[in-house]
2 protein chains.
Amino acid sequence: MTVTLADVAARAGVSAATVSRVLSGNYPVAEATRARVLRAVDDLDYVVNGPASALAAANSDLVGILVNDIADPFFGIMAGAIQAEMGGGPSTVSAGAEARSMPGGGPLSLSGPSLPGAGTSGEKLAVVCNTNGSPARELTYLTLLQRQRAAAVVLTGSGADDPEHTERLAAKVAKLTAAGTRVVLCGRPPVPGALTLTFDNRGGARRLTEHLLTLGHRRIGYIAGPADRTTTRHRLEGHLAALAAHGPQTTGPVRPVVEGAAGAEIPMAAGRARPRRGSADAAHDTAPGGPPLVVHGAYDRASGYDAACELLRREPGITALVAANDTVALGACAALRDLGLRIPHDVSVTGFDDLPFSADAAPALSTVRLPLYEAGARAGRLALGREIAPPGGVAMIRAELMIRNSTAPPPGAAGEL
Amino acid sequence: MTVTLADVAARAGVSAATVSRVLSGNYPVAEATRARVLRAVDDLDYVVNGPASALAAANSDLVGILVNDIADPFFGIMAGAIQAEMGGGPSTVSAGAEARSMPGGGPLSLSGPSLPGAGTSGEKLAVVCNTNGSPARELTYLTLLQRQRAAAVVLTGSGADDPEHTERLAAKVAKLTAAGTRVVLCGRPPVPGALTLTFDNRGGARRLTEHLLTLGHRRIGYIAGPADRTTTRHRLEGHLAALAAHGPQTTGPVRPVVEGAAGAEIPMAAGRARPRRGSADAAHDTAPGGPPLVVHGAYDRASGYDAACELLRREPGITALVAANDTVALGACAALRDLGLRIPHDVSVTGFDDLPFSADAAPALSTVRLPLYEAGARAGRLALGREIAPPGGVAMIRAELMIRNSTAPPPGAAGEL
DNA sequence: CTGTTAGCGCATTCAT
DNA sequence: ATGAATGCGCTAACAG
């Protein structure tokens, strides 16, 4: 039914081994026979049997990419960058700093136009798996990938901030690497045995809050991500560190809540009423009467909206809102608008990540830029062994402050009109 | 080195065949031996060798999902929905209409907590492949998947609007299905041999423009997507059909361009200066002096920004802008803001898709809702053969008009203040 | 340079 | 209900 190596060999008048050799390309073959084989392959429309090949060679061309949320561009950008590196041969990717989206085509290609499926010249099948933020699914996908004898696995984004899961993950990573699968972490804390590219979330968050402090803000609300993620914790720690270094928050001049129609009523949850995991609640509340003002929520827009309302209800004197990421920040902006507050005149808002839409938001968002594409590309190269590992196997990726129009001095401060 | 079936068999004191049977679960095995085998599996930390299994059984548990742009939530939502369906056993997904993101975990799970990698009870490894909109990469991925003997392939989003590619694609699909791989199309025009779920882009676009016409708009600019995509063409056709049905566009009352500071200068390209494929150009221009007013661009925000500027430069009398999708619409909104025009007071704007952020935009975007999650979930079920195919193998997915705050009667029209 | 030989690890007959 | 044998399609030594 399905055409095999032997069929091709027969048609080309050579042995199966020879066919295998021309297709692998890693062995000298006479040009004449090579041509005949290629013709036979073409005629028969032969496509290599991946499983058989993987079994015999004890390795596969599958590369897994794990993401927490495939609908979030934060992951999409990284995943796209990783995939872009997975072509055969040397990278054809121009390392342009702003090369967010690959030019048409990209490096992925099979042996040639006339060989629709024959060659095995190094192309990897880079695939992304969506864990939905679930540690269990993460482990499950890792096992599935292990089962496929994947060539490499890259784990992107924040991990579960849970010792038990961290341990299981480390064990899994150890097994994977023992089996010859290269494991690289991109945008998460290091795990022994895996190469890791970790973002400077703490440093970025700290510098962002320092920026606000320098502007004169003293009552700063913090909209954190889900409490059980490492990224959430690190960013929050950076924020708190800046606060601590600056001394206790003063009560400062308290601005009257809101004048006009919106004053009486705090808008409720944005849109849909579905319950969300980790939505704003009092669990991680701040001590009454004292800073810091922190509310946890999911990494999504509705969460930012709710949290902003909650924070302003608790502490109307807030003059700045620091959001866990850009998406959350946009939700917070929407809430402020609905409350009749102007940005940045009444309240400053900051994001994190610098996703593409942040620069275009109204007002343009002050945020922390994470070089997601570049980091992903590098992770991809590490996964392929095409780039030398950083010393100690861990590299810290710098986060860059992007000051735009959503931050300004607080109302009544010097420099204000 | 790596532990195999034989090792497990030895430790359990049974034959390899027996171990295979308990793991497959599709054959009667005594409860006692079954337990022993399971223990051995656990003790040895055995993980099935996917390639070997696939080779012997002549099928694999790999399911491929092809997307045009992994950083675009349009695809992320569909891909996430498809993956969510790929668990073992019956669907545990509540079919809630707004179930955008899966609850923690989702249906994907291995045989049980104590069997980290042994069972094969139906879980599929659903993986997404990013084509970046390149037909060549699309074919390449299809071949790679074919090579892996994938159980199913789901192609999402608009296809290349090119007869040659369509033909190649059809040929590939035929081969895939012949080899036992189920192929389903989600959000694209039908291809013989594949089950397809196609969006009513034409109908949605037509109703959207009719809405504008009913409001009183007569000079409507259209910001189209890349000219070589089927979705682009269908949406544009719907728009033009509405226009044609309504009679020729009248010149209408021409609004003076812009008063004040922004009047003199049309802002240039938003942000980055990198060249974009399919950016606004004169290639598909409208006839001079007459409607329709159409500009093509990429499916991204910057494109929307540029195209809006271009359209207003050409025809300052425009009172409404119809964008190819929500992302483009937001870019257009940004341009209008920078030009000092109010939405919808001066110019109405519409999007397409109804991505999550559209409802929260300022103003909330009038758009056409495509049930992406539901369509993806259905495609996933079709791919697994868990849902009966629609008659003829093709189902049309309805598009629903969502009228929000970005559309209003044109300036000076009846009903205006 | 090319053909021959021997598995890779598992699923599946067929026996028992 | 279980074991023994066979082969899936390919690659990797080994010859020649």
Side-chain angles (χ1 to χ4, degrees), chain A residues 1-38 40-41 44-61 117-122 146-149 151 179-180, chain B residues 1-38 40-41 44 46-61 117-122 146-149 179-180:
Chain A
M1 229 264 12
T2 152
V3 30
T4 76
L5 244 205
D7 299 330
V8 177
R11 189 172 226 279
V14 297
S15 73
T18 300
V19 177
S20 172
R21 293 198 262 254
V22 326
L23 293 184
S24 304
N26 51 11
Y27 208 85
V29 172
E31 193 46 55
T33 49
R34 164 185 201 73
R36 251 183 314 141
V37 168
L38 257 26
V41 164
L44 266 37
D45 229 5
Y46 170 69
V47 174
V48 179
N49 181 317
S53 171
L55 176 57
N59 67 50
S60 90
D61 57 0
T120 317
S121 45
Q146 178 183 9
R147 187 182 287 187
Q148 301 297 329
R149 303 302 188 257
Chain B
M1 235 278 351
T2 154
V3 31
T4 77
L5 244 205
D7 299 330
V8 176
R11 189 173 224 278
V14 296
S15 75
T18 301
V19 176
S20 173
R21 292 198 261 253
V22 327
L23 293 182
S24 302
N26 51 10
Y27 207 83
V29 173
E31 193 45 56
T33 49
R34 167 187 198 70
R36 253 183 313 143
V37 167
L38 256 26
V41 163
L44 266 37
Y46 171 71
V47 174
V48 179
N49 182 317
S53 171
L55 175 58
N59 68 49
S60 89
D61 57 359
T120 317
S121 46
Q146 178 183 10
R147 187 181 289 187
Q148 300 297 327
R149 303 302 189 255

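Just so it is clear, the model here is predicted, and its values are computed rather than measured. Letters A, B, ... are given to chains in the order of the sequence lines, protein chains preceding strands, and every chain is numbered from 1.
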Is any N or O donor-acceptor pair between the side chain of A:R149 and the base of C:dG9 shorter than 3.5 Å? no

Indicate the atoms forming the closest heavy-atom contact of B:A52 with B:N49, along with that distance. N-OD1, 3.0 Å

Could you check A:S20 against B:S15 and say which one's nearest nucleotide on DNA chain D is further toward the 5' end? B:S15

Does a side-chain N or O of B:T33 approach OP1 or OP2 of D:dA1 to a distance below 4.0 Å, or not? no

Minimum-distance nucleotide to B:R21 side chain [options: C:dC10, D:dA1, C:dT13]: C:dT13

Whole angstrom value for the distance that separates P of C:dC1 from CG of A:N26: 14 Å

Atom CD of B:Q148 and atom P of D:dG9 are separated, to the nearest Å, by 15 Å

Nearest-Å distance, CG (B:L44) to C1' (C:dG9)? 15 Å

In a check of side-chain contact (heavy atoms from CB on, under 4.5 Å) between B:V14 and each of B:V29, B:V22, B:V19, which one passes? B:V19

Minimum-distance pair of heavy atoms, taken over all atoms of B:L44 and B:V3: O-CG1, 3.7 Å

Any chance you could measure B:S60, atom OG, to B:L55, atom CG, to the nearest 0.5 Å? 11.5 Å

Calculate the interatomic distance between B:L23 atom CG and C:dA11 atom P; express it in whole Å. 8 Å

Tell me, do A:D61 and B:Q148 make a side-chain contact under 4.5 Å, heavy atoms counted? yes

Are A:S53 and D:dG9 close enough that a side-chain N or O sits under 4.0 Å from OP1 or OP2? no

How many Å lie between CG on A:N49 and C1' on C:dC10, as a whole number? 14 Å

Heavy-atom nearest nucleotide on DNA chain D for B:R34 versus B:A57: which residue maps closer to 5'? B:R34

Look at the side chain of A:Y27 and decide which nucleotide, out of D:dG3, D:dC8, D:dC14, has an atom nearest to it. D:dC14

As a test of reading the structure: which of D:dG3, D:dT11, D:dC8 is closest to the side chain of B:V14, going by heavy atoms? D:dG3

Just compare D:dC8, D:dT11, C:dT2 and give me whichever is closest to any side-chain atom of A:T18. C:dT2

B:L55 has its side chain closest, among C:dA11, D:dG9, C:dT13, to D:dG9

Across the strands shown, which category fits A:A58 at heavy-atom distances under 4.0 angstrom: base, sugar-phosphate, nothing? nothing

Under 4.0 angstrom, heavy atoms only, what part of the nucleic acid is A:L5 near: base, sugar-phosphate, or nothing? base

